[in-house]
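Proteins come first, then strands; the chains are lettered A, B, ... in the order of their sequence lines, and each starts at number 1.
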Amino acid sequence: MNNSVYPMVNEDKRKFSWKFLFSELKPKGEWLTPFNIISIPVMLLGLILIVIRFSEGLGAITNLTQEVPWGLWIGFDVVTGVAFAGGAYVVTFMVYILNMKKYHPIVRVTVLNGFLAYAFYTGALLLDLGRPWNVINPMIGNNFGTSSVLFLVAWHFFLYMLAELIEFSPAIAEWLGSRRAHKILSGMTVGAVIFGITLSSLHQSGLGALYLMAKEKIHPLWYSEFIPVLFLVSSIFAGLSMVIFEGTISHKVFFNQISKKNHQAQNGIIHGLSKICAVTMFAYLFLQFLVFIHGKNWNVINTPMGYWFLLEMIGFVFIPMILFFYSYRTVNIFTVRLAAILTMIGIVLNRLNVTVIGFRWDAAIRYVPSWMEIVVTLAVIFTEIWIFRWVINRMPVLSESPAWANEEK
Amino acid sequence: MRIDRRIFFKTAGLIGVSLAVAKSFGAAVPESNEIEFRGMLYDSTRCIGCRACEKACAKAHGLPEPQDELKAGVLRKTSETQRSVINNYETSKGEVFVKNQCMHCNEPACAAACLTEAMCKTKEGPVIWREDKCMGCRYCMVSCPFDVPKFEYHSANPKIQKCDMCYDRVVKGEIPVCAETCGDAIIFGTRRELIAEARKRIAENPNDYFDQIYGEDVAGGTGWLYLSPVPLEELGLNTRLQNTSYPALTKGFLYSVPSVDVLLPPLLLGIYAATKDKQTKDDENE
Ligand code: SF4
Ligand code: SF4
């Protein structure tokens with residue numbers, strides 16, 4: 001797998017040294033790509049805004065109000081972002097627990113994606129905290145607010161990041177050429193996976209549970225005591241749609257890194273994932289329907305918010321579900337991709353409807369995010385993609401592991 | 001069935017830890033205890049709208065003196081510089097003044113929400129905020145059904161502002177400044193006494209009062225109790241709220257967490273062992 005754009009060093013000779021690390025910090029490949037030209041100014045602007053935010057307070061760059069204290073940064077960056085990162089626990093479950101070998105080629109990249117998503121969303125969370133220097137308090141027991149859903153979510157987030165780091169760490173060891181570490185870390189994978197799935201199922205639902213006490217503040221079509229279950233079930237197809245979407249892009253952008261075998265496997269993988277998406281979406285719709293009936297919500301369906309709800313459910317859950325089913329039967333990769341994109345839009349809508357759009361929907365003054373909040377959000381996403389690209393270009397994530405790492409198994 | 005020993009012990013260890021954690025969760029979910037919480041009784045039929053309590057409150061807590069005018073029909077809200085406001089409502093029985101501040105719930109949603117216990121219900125009754133613990137996540141604001149906690153959005157060292165029922169005075173055995181300044185419309189006492197007093201007033205003058213004490217049941221009961229001459233909605237008191245505790249809404253989820261943490265890993269381990277077994281058999285058969 002030698003090529004001119006990403007020259008590979010002979011892994012066996014690679015020894016850990018600072019010189020090696022510094023050389024790896026330098027960018028590889030072309031500089032003036034369209035992505036770089038767009039992302040660099042946004043990231044710089046984001047940085048300036050963050051400085052303003054910390055010197056002048058949150059009000060200087062956000063439109064948050066006393067009635068709507070959580071806006072785009074929580075509703076989109078954290079709540080939506082974490083749903084999209086759900087692919088990691090689903091795929092590790094399939095590969096390591098159910099032993100579905102077919103999906104092995106996408107495990108590493110999915111875990112990497114998940115880990116970076118969490119790392120950056122926690123970062124975004126720190127921006128949103130008014131008093132971030134106290135963020136350590138619930139960890140060190142000043143105090144343990146054990147009756148708080150947020151306390152549980154924070155701990156489950158934190159531990160899950162550790163679990164994902166362990167799951168990904170063999171790739172780091174391979175990159176550094178450290179055989180001993182590789183052996184130890186690989187041995188910890190299954191434990192980390194089991195731990196990770198447990199933590200995921202709880203914080204995915206926990207993000208929904210955060211809103212349980214805001215009973216009268218959220219529009220009845222999106223508030224129910226079942227938000228945690230709905231969030232958990234939808235995180236499955238949200239995560240997998242992200243895997244399909246990200247895989248499609250990675251296979252184009254990082255074409256040279258992927259072995260022929262895995263290129264061929266890709267369509268089979270996407271095909272399999274589309275079936276899982278379709279089935280979980282069916283279950284989700286069914287749950288939504290039960291919740292709707294249970295909530296006696298017929299009277300609000302014939303209102304603007306009701307149409308908005310129907311658009312979300314039909315346009316971005318039902319239709320992509322049909323597309324997933326259809327593409328599974330007809331083996332049509334294009335429809336799978338289309339369905340994945342529609343599903344992702346649906347997830348964004350759903351999470352924002354609970355957290356921002358439906359939150360205080362009846363308030364006289366509505367919260368609308370400021371352009372600065374949007375720029376910071378984009379800056380966070382772009383930075384994440386930069387790191388993702390940096391890692392992919394260096395570590396065996398999409399490319400094959402070095403020979404010595406495979407021999408060990 | 002062969003389970004990898006190392007993994008087994010690792011998982012067993014994790015289960016142990018989660019069990020220990022689970023236990024502390026179970027213990028920490030607040031119980032409703034009706035020990036003698038202090039509270040305040042506000043009788044809107046006696047309030048003359050002089051706003052002396054507003055001013056005393058601002059002074060006592062180092063906040064700017066309120067300057068805005070009081071006009072019927074113009075709703076003033078508590079803010080990060082004003083913990084307590086008086087409003088003037090045009091009702092079916094004429095002009096009525098109503099004070100608005102933190103309700104000091106018996107089972108406060110804000111305290112249940114707070115992941116550092118910066119918001120907490122003291123045993124004396126006041127719900128207080130503690131600067132050294134708060135991380136400014138504003139989850140208390142999301143959860144409070146009365147929209148009480150206010151956040152200083154324009155500060156680099158922001159605080160949460162809300163009425164603390166003059167906790168520093170209450171622990172010293174003094175009464176909150178608003179009650180001291182007012183002397184008639186606001187009285188301080190144990191919640192039990194105040195409810196008895198409110199009932200007595202309603203019973204003695206049934207024509208002057210609407211027959212309900214706002215705060216007796218709403219949100220599971222609050223420390224502030226309101227008497228009104230007119231139906232409660234007319235005074236802008238939120239009657240859409242549930243009459244049971246808000247933290248109870250999350251109990252189902254909180255209770256399920258330890259069980260999932262404890263039961264899911266062994267289940268996953270079992271599936272793992274089963275599929276792995278099958279795999280090795282398949283390999284042998286090949
Ligand atoms: S009114 Fe709101 S801030 Fe006050 S104690 Fe109740 S939940 Fe907390
Ligand atoms: S903002 Fe402060 S007081 Fe409110 S929930 Fe967060 S940590 Fe607790």
Side chain, backbone, both or neither: which part of [X] has an atom under 4.5 Å from a heavy atom of chain A?
{"X": "B/Asn157", "result": "both"}
{"X": "B/Cys137", "result": "both"}
{"X": "B/Ser155", "result": "backbone"}
{"X": "B/Tyr246", "result": "both"}

Pick whichever of [options] has the most heavy-atom pairs under 4.5 Å with chain B.
{"options": "A/Val193, A/Asn142, A/Asn137", "answer": "A/Asn142"}
{"options": "A/Gly208, A/Pro69, A/Ala214", "answer": "A/Pro69"}
{"options": "A/Trp155, A/Phe54, A/Tyr96, A/Trp133", "answer": "A/Trp133"}
{"options": "A/Leu202, A/Leu125, A/Asp128", "answer": "A/Leu202"}
{"options": "A/Val153, A/Val68, A/Ile136, A/Val149", "answer": "A/Val149"}

Could you tell me whether the side chain of [X] and the main chain of [Y] form a donor-acceptor pair under 3.5 Å?
{"X": "A/Glu56", "Y": "B/His154", "answer": "no"}
{"X": "B/Tyr139", "Y": "A/Leu210", "answer": "yes"}
{"X": "A/Lys215", "Y": "B/Leu241", "answer": "no"}
{"X": "B/Thr250", "Y": "A/Ala209", "answer": "no"}
{"X": "B/Tyr153", "Y": "A/Thr65", "answer": "yes"}

Side chain to side chain, [X] and [Y], heavy atoms closer than 4.5 Å:
{"X": "A/Arg131", "Y": "B/Thr116", "answer": "no"}
{"X": "A/Asn143", "Y": "B/Lys133", "answer": "yes"}
{"X": "B/Val260", "Y": "A/Ser201", "answer": "yes"}
{"X": "A/Arg360", "Y": "B/Asp147", "answer": "yes"}
{"X": "B/Thr275", "Y": "A/Ile97", "answer": "no"}

Pair A/Val190-B/Lys276, side chain to side chain contact (heavy atoms under 4.5 Å, CB included): steps then yes or no | CA-CA 12 Å; A/Val190 173; B/Lys276 198 181 170 202; over 6 Å; no
What's the spacing between [X] [atom1] and [Y] [atom2] if we round to 0.5 Å?
{"X": "B/Ser143", "Y": "A/Lys217", "atom1": "OG", "atom2": "NZ", "result": "7.0 Å"}
{"X": "A/Phe93", "Y": "B/Ile271", "atom1": "CZ", "atom2": "CD1", "result": "5.0 Å"}
{"X": "B/Thr78", "Y": "A/Gln66", "atom1": "OG1", "atom2": "CD", "result": "8.0 Å"}
{"X": "A/Thr198", "Y": "B/Leu268", "atom1": "OG1", "atom2": "CG", "result": "5.0 Å"}

Please name the pair of heavy atoms, one in [X] and one in [Y], separated by the smallest distance, quoted to 0.1 Å.
{"X": "A/Val135", "Y": "B/Met135", "answer": "CA-SD, 3.8 Å"}
{"X": "B/Cys134", "Y": "A/Asn134", "answer": "O-ND2, 2.7 Å"}
{"X": "B/Cys114", "Y": "A/Ser148", "answer": "O-CB, 3.5 Å"}
{"X": "B/Leu254", "Y": "A/Ser147", "answer": "CD1-O, 3.2 Å"}
{"X": "A/Leu150", "Y": "B/Ala113", "answer": "CB-O, 4.3 Å"}
{"X": "B/Phe253", "Y": "A/Ser205", "answer": "CE1-OG, 3.4 Å"}

Stepwise, does the side chain to side chain contact (heavy atoms under 4.5 Å, CB included) test hold for A/Leu58 with B/Phe151? CA-CA 10 Å; A/Leu58 272 166; B/Phe151 181 78; 3.8 Å; yes
| field | Within 6.0 Å of CD1 in A/Ile140, more than 12 heavy atoms from elsewhere | value | yes
- Query: Has A/Phe226 got more than 12 heavy atoms of other residues, nucleotides or ligands less than 6.0 Å from its CZ?
  - Reply: yes
Residue among [options] with most heavy-atom pairs under 4.5 Å to chain A:
{"options": "B/Asn238, B/Leu264, B/Ile160", "answer": "B/Leu264"}
{"options": "B/Lys77, B/Glu80, B/Glu131, B/Glu152", "answer": "B/Glu131"}
{"options": "B/Val142, B/Leu249, B/Leu263", "answer": "B/Val142"}

